[in-house]
Amino acid sequence: MSHEKHTQNRPENAVLASHHRQNRSVVSLNTRSHLKEPRAMRLLHYLEIENFKCFGDKQRIELDHPAVLIGPNNCGKTSAIQALALWSQALHTWYDARKGSSAKERTSAPLNRLSIVSVPVQRIRFFWHNTVVRANREDITLTLTVGVEFKKQVHALPMHFRNRGDEVVYCTPDESVLGNLELLAYAASIRVELLYPMSGLETEEAILQPGRIDVLLGQGQTAQVLRNLCLMVAKDTPDDWKSIVTLMNRLFNVTLDTPQETTRGAIEMRYKQPGVREALDVSSSGRGFQQMLLIFAYLYSHKRSVLLVDEPDAHLEILRQKQVYVLLRDIAAENQSQVVMVTHSEVILEEALDKNLTLLMDGKTDDLARKPDIKNSLKHFGADHYIKARERGYVLYVEGGTDMDMLRALANLLRHPVAAVWDERPNTFYVQNNYPDISLQSELERVEGGFGVTPRVHFSGLQGLLPDLQGLAILDNDGMNRQSSVDGRLTFAYWRRYEAENYFVTPDVLRRYALGGDVMPQLFDASAMEVDEVLDALILDRVFESIEADFQAWKQASPEVARLVWEAKTQRIKLSTFAEDFFRRLAGRVGGSMLLTKGELHRLVSVVDPKTVSAEVSEKLNLLLNLLRRPGGRTASGNLDAAKTGYSTAGYRESDIGPFGMTT
């Protein structure tokens, strides 16, 4: 029996089909480009979650089509769609067990842990917030409420859950709806299906029964059912299969063959690719190809459903991410379905901002699409910047990613307290927008931090949405005598020398790093004489402007005088370029490769004598410590790193730190 026929034979589906016929507005795939966006089928209007997993107090999520849930990792996005799946399965189980009972007999129905395939847990108590099922000798009720549209009205349909051991949970609708069997029958007939991202595809896939397919889908084993889903569509609705073939050809320039059943009880599925003589098995395709095919097959084999899609953008590049959002929206609408998706994709996030976008964080929900002030600002600055600022409570402005590496290396060298509370996921915004050339490092920094907006403008826009936001800008002086300042909750701290590298790039450090020693192995097959010759020539040229007498006077000066002269002469020199040139010339001299570039200069800190580091470095680190230790600033390491490193923030008070990091 096919999956489509299997589900259509349920008695309660007659209720659903009747309701759909009143609202049907089908748009053919072949004519979609000539019509407006298909009218969405909004089966469910909202979800309220109370005492489920990371959600303690009642939280509400609006559900439009498509509804998009965003947020940082481990914030409850997947838990939210699991809550919808659990609500649906509980209601369906209860209705099947109690639909023929009298009102007095409509008690709770048991639901076995192993049958809840879409929300796998080891013990039933793991459904509950903080795994707490009783308080003050009373059961804690887990409640999932969904707003169901029925007869042109939205009805709240709460399902209550009670823990009764590790293997069974008892569920029942709220008393307010127990007498409305027509509503319960309709709601139980709505199929809520959960789709996880594509996993590794096997070379052979057995033909499965519809029930087994649903179990594997619920367990997230999508790779075990991809061919089965395609076979369902091809057999039950050939026109829909033609639509899938057309879409895959447009997206990937391939031609899908119709899936075939083999004599071994397996499914064979191939595709033709231009320039390749033989048809290839679908397992030979890329993960993005398989992900899109899974989504299409799923949409066409699960019509008239609420589709819960976990990270549909997984394995897809930026263009495909935008396409998958549009296709999920339109194809689902054509098939009278509603989509609720979880994503980390900034592309999908921007697409959904006008429609239905919910931010989840710390067990709380925020409907961003319904807040015009936030929505307009996010369109300008990017929603991802808002989310990171809200999550971390601060914004740190630096020139680029290498500055973070240098600050951390210097903090470790000086055993500064900020090393103990270092944020492993800092909310940084890179202000540098000019690179001598395009490199992997510069491109990563461009997409990770964003460019083109000044710190003051960027921070002002975000602070309008997050009044308690704190900002710190640690920026290069670039030889322009820029002065540090405080602008409200944003502090500007400029290096007094040209850039951060000017505080540890010295002839002695470069020499020791090139020759190696106890701290690190030797990088070059070079003698001390060769290193000195390359270094002296560069210093004479760049620092002393080829004035031999000045250079010799510096060489013969005492170490303390030589250090002071070096700092004075290099105050307005970009020492990162100087260091890069040194390693480039040395590599040319000894015939080796250049092993240290600008993006790696923080490694030089490992051979720096802490006693020679300017007090200004500690001033900047004090500011950073102040930023990370504020109540709004969240760190990812905390006391754990303090225990590992031996660094401690004990005794360091915020009042000890002046406006520009000076210790008072």
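Numbers here are sequence positions counted from 1.
A salt bridge links Lys555 with Asp536: the distance from a Lys NZ or Arg NE/NH1/NH2 to an Asp or Glu carboxylate oxygen falls below 4.0 Å. Salt bridge Glu567/Arg497: present, at least one basic N to carboxylate O contact under 4.0 Å. Between Arg585 and Glu533 there is no salt bridge, since none of the side-chain N atoms of the basic residue sits less than 4.0 Å from a carboxylate O of the acidic one. Ionic pairing of Arg425 and Glu391 is present here: one or more N-O contacts between side-chain nitrogen and carboxylate oxygen are shorter than 4.0 angstrom. Ion pairing between a basic and an acidic side chain is recognised when a charged N comes within 4.0 Å of a carboxylate O; Arg512 and Asp508 show such pairing. A salt bridge links Asp581 with Arg542: the distance from a Lys NZ or Arg NE/NH1/NH2 to an Asp or Glu carboxylate oxygen falls below 4.0 Å.
Legend: residues meeting ring pair (Phe, Tyr, Trp, His ring centres under 6.0 Å) with Phe55, ordered by chain and number and at least two apart, are absent. Residues passing the side chain to side chain contact (heavy atoms under 4.5 Å, CB included) test with Arg511, sequence neighbours excluded: Leu515, Ala528, Val531, Asp532, Leu535.
For Tyr397 and His458, the ring centers are positioned less than 6.0 Å apart. In this structure, the ring of Phe578 has its center less than 6.0 angstrom from the ring center of Trp566.
Judged by distance alone, with hydrogens and angles left aside, the side-chain atoms of Glu62 form no donor-acceptor pair with the main-chain N or O of Asp367 at under 3.5 Å. No donor-acceptor pair under 3.5 Å is formed between the side chain of Arg392 and the backbone N or O of Asn427. Looking at Thr506, its side chain does come within 3.5 Å of a backbone N or O of Val509 through a donor-acceptor pair. Glu545 places no side-chain N or O within 3.5 Å of a backbone atom of Leu540 that could act as its donor or acceptor partner. Without hydrogens or angle criteria, Glu499 side chain to Asp476 main chain gives no donor-acceptor distance under 3.5 Å. A donor-acceptor distance shorter than 3.5 angstrom exists from the side chain of Thr612 to the backbone of Asp609, with no hydrogens or angles considered. Judged by distance alone, the side chain of Gln290 and the main-chain N or O of Ser285 form a donor-acceptor pair under 3.5 Å. Without hydrogens or angle criteria, Lys620 side chain to Trp495 main chain gives no donor-acceptor distance under 3.5 Å. With hydrogens and angles ignored, the 3.5 Å screen pairs a side-chain donor or acceptor of Asn412 with a backbone N or O of Arg408.
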Start with the C-alpha distance between Glu616 and Tyr503, add both sets of side-chain angles, then the distance that settles side chain to side chain donor-acceptor pair (under 3.5 Å), and finish with yes or no. CA-CA 9 Å; Glu616 187 189 346; Tyr503 293 83; 2.5 Å; yes

Give the intermediate values and the outcome of side chain to side chain donor-acceptor pair (under 3.5 Å) for residues Asp468 and Gln470. CA-CA 6 Å; Asp468 295 330; Gln470 193 70 23; over 6 Å; no

Could you check Asp403 against His602 for side chain to side chain donor-acceptor pair (under 3.5 Å), going step by step and ending with a plain yes or no? CA-CA 8 Å; Asp403 288 63; His602 63 277; over 6 Å; no

Do Ile348 and Val68 pass the side chain to side chain contact (heavy atoms under 4.5 Å, CB included) test, and can you show the C-alpha distance, the side-chain angles, and the key distance before you say yes or no? CA-CA 8 Å; Ile348 291 180; Val68 179; 4.2 Å; yes

Determine, stepwise, if the pair Tyr394 / Asp423 fulfils side chain to side chain donor-acceptor pair (under 3.5 Å). CA-CA 11 Å; Tyr394 68 85; Asp423 194 341; 2.7 Å; yes

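For the pairing with Asp310, the side chain to side chain donor-acceptor pair (under 3.5 Å) check across Thr343, Thr222, Thr78 returns one residue only, Thr78.
Ring pair Phe544/Phe551 is perpendicular by interplanar angle, where above 60° counts as perpendicular and below 30° as parallel.
Within a 6.0 Å radius of NZ in Lys322, other residues, nucleotides and ligands contribute 12 heavy atoms or fewer.
With a 4.5 Å cut-off on side-chain heavy atoms, Leu601 and Thr402 do not count as touching.
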